[in-house]
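This report refers to the structure that appears directly beneath it.
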There are 2 protein chains.
Amino acid sequence: MARKQGSYADTTGPRVRDAALRLIAQHGFAAVSMRQIAGEVGVQAGALYNYIPDKQSLLFELLDSHMSEVMEAAAQARLSGTPLQRLEGFTRFHIRFHLPRRDAVFLSYMELRNLAPENFGRIAAKRRAYEDRLEMILRDGVADGSFVVDDTRITTLALIAQLTGITNWYDPAGRLTLREIETIYCALVRKSVAA
Amino acid sequence: MARKQGSYADTTGPRVRDAALRLIAQHGFAAVSMRQIAGEVGVQAGALYNYIPDKQSLLFELLDSHMSEVMEAAAQARLSGTPLQRLEGFTRFHIRFHLPRRDAVFLSYMELRNLAPENFGRIAAKRRAYEDRLEMILRDGVADGSFVVDDTRITTLALIAQLTGITNWYDPAGRLTLREIETIYCALVRKSVAA
DNA sequence: GTCTATACTTCGATAGAC
DNA sequence: GTCTATCGAAGTATAGAC
């Protein structure tokens, strides 16, 4: 089958999503107009509707695909070994995955409120499943005596907040390299749950 | 001097700010209209402009007064004793102060981007001053050997992110009381920096 | 697949009566 | 101090030509 020539269908769609992600992270969902997004991509506003049904669906798609990427990448990480080794593996994975995706991380926390209830539930479920991966590591560590934790659920949320918070201040041109930051946080996390 | 009678000047102003804080936390700055805020207060949109110059100033006032309250309350907390005691005092203060102000906390993270650059700088400076209070405790603890910390600045940001993250999931009707949550986090923070 | 043009709604902010 | 009325601008989304 011959493909249409001169068609940008394969590239314009992703470019719309990239532009939307960046603009919404910068200004907020309601503050960004379809005309702005179109302008960034280099088309007129009406052309966007070849790729998305409406603005609300665009937001959901951005958040949903981000959460799916997180889960897929986490599943492929295949952490193994002792609970302590798996904890360090999770810490490094979380930092390495999220730091290059700061816009998506910001959106997935700040713009959840702009989702319709049903869409909200789907995103929340995926996040919960990701959190459960860490909680399972903590449970295993408590079970075999390598960790001492008051409450595995609370500790899970505390550690994830601590790690994700890096996205609020990280500067690629800053004082510390990504590797140095990882090492500092690994030590911090390890001590937090140490026996 | 006789005060005007039938005037609601003293109460309408604060009510406007309360309504705006709640609505903006719920839907986002750009998504909330002046008409919505007015409707919540029980006046017409035009009446709001007796209390605020414009929408942008309203947002800045909300964030600025929140940061000022944080600093004032932190100053009055007058933490004293050993670094470990001061660290526990800070942890409990932070949780107790922020949990009842979840809307303001959310705004001061999510809506910073909607501030004019100059206003952004003023808020950022106040936040930095607050963070410095914790960092000073960590430095003192490292100096006298009661703490072992790789990097006091990073650890400061990590601990604050961990504590502030409680506002994302705390439910007053949830499994744990405020006091229990405090205790869990105190232990977590203590272990994080323990010698 | 993209454009131009536009229908329709809603926005922030102001003016002037009371 | 609040109301009604309104201005000018900007928003989402659609229709139809190319």
Side-chain angles (χ1 to χ4, degrees), chain A residues 1-63 107 111 113-116 119, chain B residues 1-63 107 111 113-116 119:
Chain A
M1 288 302 189
R3 288 182 62 229
K4 282 188 203 146
Q5 295 190 355
S7 166
Y8 291 90
D10 294 343
T11 65
T12 304
R15 289 181 65 219
V16 167
R17 280 181 274 279
D18 288 349
L21 181 65
R22 192 161 39 77
L23 286 171
I24 295 174
Q26 198 165 5
H27 303 108
F29 177 68
V32 173
S33 69
M34 299 301 275
R35 286 176 177 86
Q36 267 180 283
I37 297 171
E40 200 78 2
V41 175
V43 298
Q44 293 298 317
L48 297 180
Y49 293 87
N50 289 318
Y51 302 97
I52 54 165
D54 52 36
K55 199 185 177 189
Q56 164 77 207
S57 304
L58 170 59
L59 176 62
F60 172 70
E61 210 170 291
L62 290 175
L63 296 183
L107 248 70
E111 304 295 355
R113 59 190 176 187
N114 283 310
L115 289 177
N119 287 342
Chain B
M1 288 305 190
R3 288 179 64 227
K4 281 187 204 148
Q5 296 189 355
S7 165
Y8 289 90
D10 295 342
T11 64
T12 304
R15 288 181 65 217
V16 168
R17 280 180 274 279
D18 287 350
L21 181 65
R22 192 162 39 78
L23 286 171
I24 295 174
Q26 198 166 2
H27 304 108
F29 177 68
V32 173
S33 69
M34 299 301 277
R35 286 175 177 82
Q36 267 180 281
I37 297 171
E40 199 79 1
V41 174
V43 298
Q44 292 299 315
L48 297 180
Y49 292 88
N50 291 316
Y51 302 97
I52 53 165
D54 52 37
K55 201 186 178 190
Q56 164 77 207
S57 304
L58 171 60
L59 176 61
F60 173 68
E61 210 170 290
L62 291 175
L63 295 182
L107 249 71
E111 303 296 354
R113 59 192 176 187
N114 283 309
L115 288 178
N119 287 340

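All chains are named by letter (A, B, ...) in the order of the sequence lines, taking the proteins before the strands, and each is independently numbered beginning at 1.
With sequence neighbours excluded, no residue satisfies side-chain contact (heavy atoms from CB on, under 4.5 Å) with A:Q44. For A:N114, the side chain to side chain donor-acceptor pair (under 3.5 Å) partners are A:E111, not counting sequence neighbours.
Residues A:Y51 and A:T12 approach most closely at OH-CB, 3.4 Å, considering heavy atoms.
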Validation: residues 27-43 of chain B side-chain donor-acceptor distances under 3.5 Å, sequence neighbours left out:
residue	atom	partner	partner atom	Å
B:H27	ND1	B:L23	O	3.4
B:S33	OG	B:Q36	N	3.1
B:Q36	OE1	B:S33	N	3.1
B:E40	OE2	B:R22	NH1	3.2
B:E40	OE2	B:R22	NH2	3.0

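Looking only at side-chain heavy atoms (C-beta outward), A:L107 and A:L59 come within less than 4.5 Å of each other.
Distance alone, capped at 3.5 Å, is enough to place a donor-acceptor pair between the B:Q56 side chain and the B:A116 backbone.
Here the C1' atom of nucleotide C:dG12 and the CG atom of B:D54 are 9 Å apart, to the nearest Å. The nearest whole Å value for the distance from the CD1 atom in B:I37 to the P atom in C:dA13 is 10 Å. Regarding B:L48, its CG atom lies at a distance of 13 Å from the C1' atom of C:dT14, rounded to whole Å. Between B:Y49 atom OH and D:dC3 atom P the separation is 14 Å, expressed in whole Å. Rounding to whole angstrom units, CD1 of residue B:I52 and P of C:dA13 are separated by 7 Å. Summarising the geometry, the separation between CG on A:N50 and P on D:dA15 is reported as 13 Å, rounded to the nearest angstrom.
Closest to the B:A47 side chain, of the nucleotides D:dT2, C:dG1, D:dT14, is D:dT2. The A:V43 side chain lies nearest to C:dT2 when the options are D:dT14, D:dT2, C:dT2.
In this structure, A:T12 does not reach the C:dG1 phosphate: none of its side-chain N or O atoms is under 4.0 Å from OP1 or OP2. Phosphate proximity of C:dT4 to A:Q44: present, with a side-chain N or O under 4.0 Å from OP1 or OP2.
Proximity of residues 24-35 of chain B to DNA chain C (heavy atom under 4.0 angstrom from any strand atom) is restricted to B:V32, B:S33, B:M34, B:R35. Taken residue by residue, residues 15-22 of chain A places no heavy atom nearer than 4.0 Å to DNA chain D.
Counting only residues at least two apart or on different chains, the salt bridge (Lys or Arg N to Asp or Glu O under 4.0 Å) pairs with a member in residues 42-62 of chain A are A:R17-A:E61.
Atoms CG and CD1, from A:L58 and A:I24 in turn, are 5.5 Å apart once rounded to the nearest 0.5 Å.
Comparing A:P53 and A:Q36 by the nucleotide of DNA chain D that holds the closest heavy atom to each, the one mapping nearer the 5' end is A:Q36.
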